[in-house]
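Working notes, structure below.
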Amino acid sequence: MKTHLSQEWFGINRGQNGNNVLHKPSVESHMKKSWICWIVCLASTLALGQAQPASTSADGKGPGGFDIEQSVEFGYRFTDVVGSQPMYDTLLDYGQGPRLLEQTLSFRSPEHNGALFDNLLVSSFGWGGDPENVGRVNMSKARAYDFTFLFRRDHNYFNYNLFANPLNPPTAVPFRPVTESPHSYYTTRRMYDFGLTVLPDSKVSFRLGYSRNRSEGPAFTSFHEGTDVLLNQNWNVSQNLYRMGVDFKVIPRTTLSYDQFLGYDKNDTDNTLANFAFGTLSNGATVEWGLPWAPASGSPCNAPILTSGLANPSCNGYYVYNRNQRVRTSTPTEQLRLASNYWRRLNLTASGSYSSSHMNTPYSEFFDGLVTRTKERQFTFSGPATTRETHATADISATLELTHSLHLLEAFRYDNWHIPGQWLSTETATLAAGSTATLLSPLGTTTSSTDLISNFFSQRSYYNVFSVQYSPARQFGVNFGYKLNHRDLFKAEPETTDPEGPFEGFEGDNITVNQHGPVLSFWLLPIPTLRVNIEAEAMTADNFITRISPRQRQNYRARVNYKPRRWANLSGTLNMWNSINGEGDTQFAGHYRNYGFVATFVPRERFSLDLAYNYTDAQQNAYICYNSTFIVPGTVVNGCPTYDSTNTAANPNPNWIYSVYSEQTNYVSGTVMVKPVRRLTANLGYGMTRTDGDQTLLNPLQPTGTLKYNYYQPLGSLSLEVVKDWSLNAYWNYDQYRESGVAGPTLPRNFHDNRAVLSVRYAF
Amino acid sequence: MFESNRRSCSFYIVLLIILFTAGSQAWAANPPAPSTPAGATYVGSDTCKGCHEDVHKSIEANPHFQLLKENKAGKTEYHGCESCHGPGSAHVEAGGDKTKIFTFTGASAREVSQKCEQCHGTAPEHANFNQSSHLLNQVGCTSCHSIHSAKVKKSLLQASAPALCYQCHTEVRAEFNRPFHHKVNEGLLQCSDCHNVHGTTLPKQVRTSASQDQVCFKCHTEKRGPFVYEHMPVKTEGCTSCHSVHGSNNPRMLQTSTVNILCLQCHTLAQSNVPSQPPVGPAHNQAQKYQSCTMCHAYIHGSNFSEVFFKP
């Protein structure tokens, strides 16, 4: 049986033992556009040509004395989706079409005496339009260099229609449901990582690297001014990161490293007005009303459509809106590291780094329409923003071996950052002429103002862990210690000043938080094949930064791992934490309780079995104040601690309720592989994730959505080796996502699909 | 609070006693693992090859082949098989007695790691292994790596990722199978992209970005800033204060299924001892369009032009 080369080399394990997904990628127009794809295909083709004589040579060696192995798998995916296509694309997004499912090429010099390299591996999957696409190159020559290249591209489609949805009421006339998420996107991220280490085993070695991360594609967002409009967002973000470093190993068992990084980020995402709901004014102009459509509640106004059918000119509306920015951020970083085992009983590591980011961006924003609240017919905002971030970190850790069974461990980390920022804004506001502001009003007077807005945010923290590890025998040991985390942060109130005037400094708040607590862990090896780990940790804090930051927290973890044979693995885990902030008007209480097991058996090449079960109970509760015309059961009306009965106008959030969020999730998975005959391999599996829960819903139209759902994912596959080195494969996946609650005032999100891939694989 | 601490301490003491007793029983029942006998000398890899030819072949094919080149006699790392297993003369003279040489089977994780760290210990990726959660929990190098019979040639792993990690981290496996998750099972990401399994000085053994920020910003660069208006918890509490980063039942991997509850649980009241936590809560009717705070506060991770995160 041919081994799966990419898995053998890189450990790429897609859909096996992990997720019940057998994705086998595909080709669309992206293939034509991608030079990477062509390089890989060319490399494969060349390698195919080279390898033919190799496979027939008497000694099994290819050209140059290399052992050469290759594989390539082509196929076609059939997809049938019933139900919500946006939801299918959000969760899976596997389309139909031809695919270059996988490709590998390996050159290995058995004597490690290759001319240019000793080892070369090119491996990739996902060509042809599947949402995930990865290519890797590893090339190395012993003691001379080690080169790695990793390319990753993923399509990100998101359109969960309840997200950022105003939930327009069906009682509105006309009913205008928001059927897709106003924050949907379909972006593509491409990540390139190059790394080269020269003379890796020498006393002085060098490292060079370059990473590029580019994310682009169409997206939507929303903007609130007058009403809430949908915006086209041309997503365009990239980062280039350059690295170079040197390692000095001139002292025995000690490495001193120096690295320099330079990051350069760009964000050129622009926004323009998108159409959702629009009407025609009496002058023939088209006006956009925006996403919320609840005239009874004043969105976008009480009567957006006149009896004549024309748009009401007194309503909030947009003719034009756009904004532009060009964010540029450069971040040079220096880092010095030391790792030493020079002293036999002392292991020492230390590092320090300093980075200084500088961000600047111009900005321009233009609005034409009507904001009834301010009577503005047009406005502009512009002006550059600049921000710096200086970030210094240092850490040191030491392990001291007092005796063979007793070790002292100390780790300390210091972190300090400051973020001063400024925005020099120029604002113009043009009011509607006349006493009544309408969309038809001519432009009136324009006022302008310029402000210098300054802001500042900083934090200094250190984190220390001291522990003692005592292991008197190979069969058990204990580790106990103490953690301390201290944070000082300063959050300034933004200062608006005259650009020409003096700056008088920031006012703001200092918050100091000390978190500390004991840690204890214990391991036990009653027999060499059975390991038991138990960990417990407690933390108390004298202050908090957010209301859901715990004042007390306890963690408990237990793991049992049993490997009775090399081919059998049994694991059970328990993982729990409790968090509490017992402040009287907060009463935050959260917990996470997880129990699970995994059993994997691979007794022989012809059979394997993988079983898993996991249960999670998560909760996050706290008191909240809220404002709503819908009174949730359990609410204390006007009961919020800030409520002042003598001044009801100053009580924006009078209602008081203990908000709850809880979810209970069951996960079950099972996969069996059998080879009834040597040439035939069959896989059959089943996966299920099922969630039930409860949440305080402040809006009567809000469906439970993902709080209650079932997600079933059975799968199967057959692989038949028809002749030597050639195999025919068939993969099948079925996915069913079904929410238990009502769909709400939008489209249902349930779907089920069948995905089938027929492919041929050639490995030689 | 003191009562809570006292209960915690009592719990730990009782737990310690129970576990120590159990451990002592296990100690008494199991003999110690073999180690190198005193006085043994190096015999060279060719001698080992005489009996362990298959093992020798496996070494020739992996990066440890360099150990077989004894071109700098006197240095531990150039003693071939004995670089790791120690001097083998006693083992040879005893006719292959396994108790006369260091074997990794039965050795403690720290003993194993000390052997490996002779060469790998000061490499940047491995430098903090002595402090790592794995080693402290008796998960040593050979728990994940196999020098002689690796299933995955790169890094000589015993199994492919993420299945190798899932063998112990069962809860993470379940999280990555939820509807909204990072694409680890799909092969796009690996656990080691965010975690250094050999240890860091940060909790959960998470990595940092090049500028020492949260590792999340390596991919989500636009959320790193710096911004004129930072959303405080993004910087101080981290992404996990709002997101379940492995996988979630909720869109955008949020901690709760609706946005407003997540926001309101922080933005409700200004605390007396945390004076600056505005806003104290929206004046908006939650029964209307405002149930999703991010519909208006669309740039919630940080903004340069809007203090309330309406604009980028």
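Throughout, a chain's letter reflects where its sequence line sits, starting with A, and its residues are numbered from 1. The basis for the numbers below is simple: all heavy atoms, side chains too, and nothing from hydrogens, waters or symmetry mates.
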Partner chain B: residue of A:Leu489, A:Asn561, A:Thr331 with the largest heavy-atom pair count (under 4.5 Å): A:Thr331

Heavy atoms only, distances under 4.5 angstrom: which of B:His297, B:His284, B:Glu60 has the most pairs with chain A? Name it, please. B:His284

Run A:Gln469 and B:Arg110 through side-chain hydrogen bond (donor to acceptor under 3.5 Å, both in side chains) and show every step you take. CA-CA 11 Å; A:Gln469 188 181 37; B:Arg110 191 169 286 280; 2.5 Å; yes

Test side-chain hydrogen bond (donor to acceptor under 3.5 Å, both in side chains) applied to B:Thr170 and A:Thr573, step by step: CA-CA 7 Å; B:Thr170 63; A:Thr573 58; 2.4 Å; yes

Using heavy-atom distances under 4.5 Å, tell me whether A:Thr254 contacts chain B through its side chain, its backbone, both, or neither. backbone

Side chain, backbone, both or neither: which part of A:Tyr709 has a heavy atom under 4.5 Å from chain B? side chain

Determine whether the side chains of A:Thr665 and B:Asn249 contain a donor N or O and an acceptor N or O closer than 3.5 Å. yes

With distance as the sole criterion, is a donor-acceptor pair present between the side chains of B:Arg178 and A:Thr691 under 3.5 Å? no

In terms of heavy-atom proximity below 4.5 Å to chain B, should A:Ile624 be classed as side chain, backbone, both, or neither? both

Using heavy-atom distances under 4.5 Å, tell me whether A:Ala294 contacts chain B through its side chain, its backbone, both, or neither. neither

Examine the side chains of B:Asn285 and A:Thr629 and answer whether a donor and an acceptor come within less than 3.5 Å of each other. yes

Pick whichever of B:Glu230, B:Gln158, B:His181, B:Lys235 has the most heavy-atom pairs under 4.5 Å with chain A. B:Lys235

Tell me yes or no: between the side chains of B:Ser257 and A:Gln695, is some donor less than 3.5 Å from an acceptor? yes

With a 4.5 angstrom heavy-atom cut-off, is it the side chain or the backbone of A:Thr349 that approaches chain B, or both, or neither? side chain

Most contacts with chain A, counted as non-hydrogen pairs under 4.5 angstrom, among B:Ala127, B:Ser292, B:Pro179, B:Ala174: B:Pro179

For B:Ala298 and A:Ser222, which heavy atoms make the closest approach, and how far apart are they? CB-O, 3.8 Å

Say whether A:Ser659 and B:Gln265, considering side chains only, have a donor N or O and an acceptor N or O under 3.5 Å apart. yes

Students often mix this up, so state it plainly: with edges at 30° and 60°, are the rings of A:Trp423 and B:Phe305 parallel, tilted or perpendicular? perpendicular

Note: vs chain A, highest number of non-hydrogen pairs under 4.5 angstrom among B:Cys219, B:Ser133, B:Ser209, B:Ser143 is B:Cys219

Take B:Asn128 and A:Ser397 through the test side-chain hydrogen bond (donor to acceptor under 3.5 Å, both in side chains) and record every step on the way to the result. CA-CA 8 Å; B:Asn128 285 298; A:Ser397 66; 3.1 Å; yes

Counting heavy-atom pairs closer than 4.5 Å to chain A, which one of B:Val228, B:Asn137, B:Thr258 comes out on top? B:Asn137

Should A:Arg474 and B:Glu111 count as an ion pair when the cut-off is N to O under 4.0 Å? yes

Please determine whether side chain to side chain contact (heavy atoms under 4.5 Å, CB included) holds for the pair B:Lys311 and A:Phe381, giving the CA-CA distance in whole Å, both sets of side-chain angles, and the decisive distance to 0.1 Å. CA-CA 11 Å; B:Lys311 305 172 188 177; A:Phe381 273 101; 3.3 Å; yes

Atom group of A:Ile419 that falls short of 4.5 Å from chain B, counting heavy atoms: side chain

I'd like to verify something: which residue of A:Glu365, A:Lys249, A:Arg388 has the highest number of heavy-atom pairs under 4.5 Å with chain B? A:Glu365

Which bit of A:Thr333 is near chain B, if near means a heavy-atom gap under 4.5 Å: side chain, backbone, both or neither? side chain

Answer key: most heavy-atom pairs under 4.5 Å with chain A among B:Asp213, B:Val259, B:Asn260, B:Leu189 is B:Asp213

Evaluation steps, side-chain hydrogen bond (donor to acceptor under 3.5 Å, both in side chains), between A:Ser549 and B:Glu237: CA-CA 8 Å; A:Ser549 303; B:Glu237 310 301 282; 3.0 Å; yes

Interface check, chain B: of A:Gly421, A:Ala142, A:Ser353, A:Ser628, most non-hydrogen pairs under 4.5 Å belong to A:Ser628

Under the ring-ring contact (aromatic ring centres under 6.0 Å, His included) test, which residues partner A:Tyr626, sequence neighbours left out? none

Is it the backbone or the side chain of A:Asn341 that comes under 4.5 Å from a heavy atom of chain B, or both, or neither? both

Counting only heavy atoms closer than 4.5 Å, note whether A:Ser340 contacts chain B via side chain, backbone, both or neither. backbone

Can you tell me which portion of A:Ser355 sits under 4.5 Å from chain B's heavy atoms? Options are side chain, backbone, both or neither. side chain

For B:Glu307, enumerate each residue passing the side-chain contact (heavy atoms from CB on, under 4.5 Å) test, keeping only those at least two apart in sequence or located in another chain. A:Pro494, B:Tyr229

The interface call for A:Gln620 against chain B, heavy-atom contacts under 4.5 Å, is both

Could you tell me which portion of A:Val598 (side chain, backbone, both or neither) has an atom closer than 4.5 angstrom to a non-hydrogen atom of chain B? both

Heavy-atom contact with chain B under 4.5 Å, split by part of A:Pro182: neither

Side chain, backbone, both or neither: which part of A:Thr689 has an atom under 4.5 Å from a heavy atom of chain B? side chain

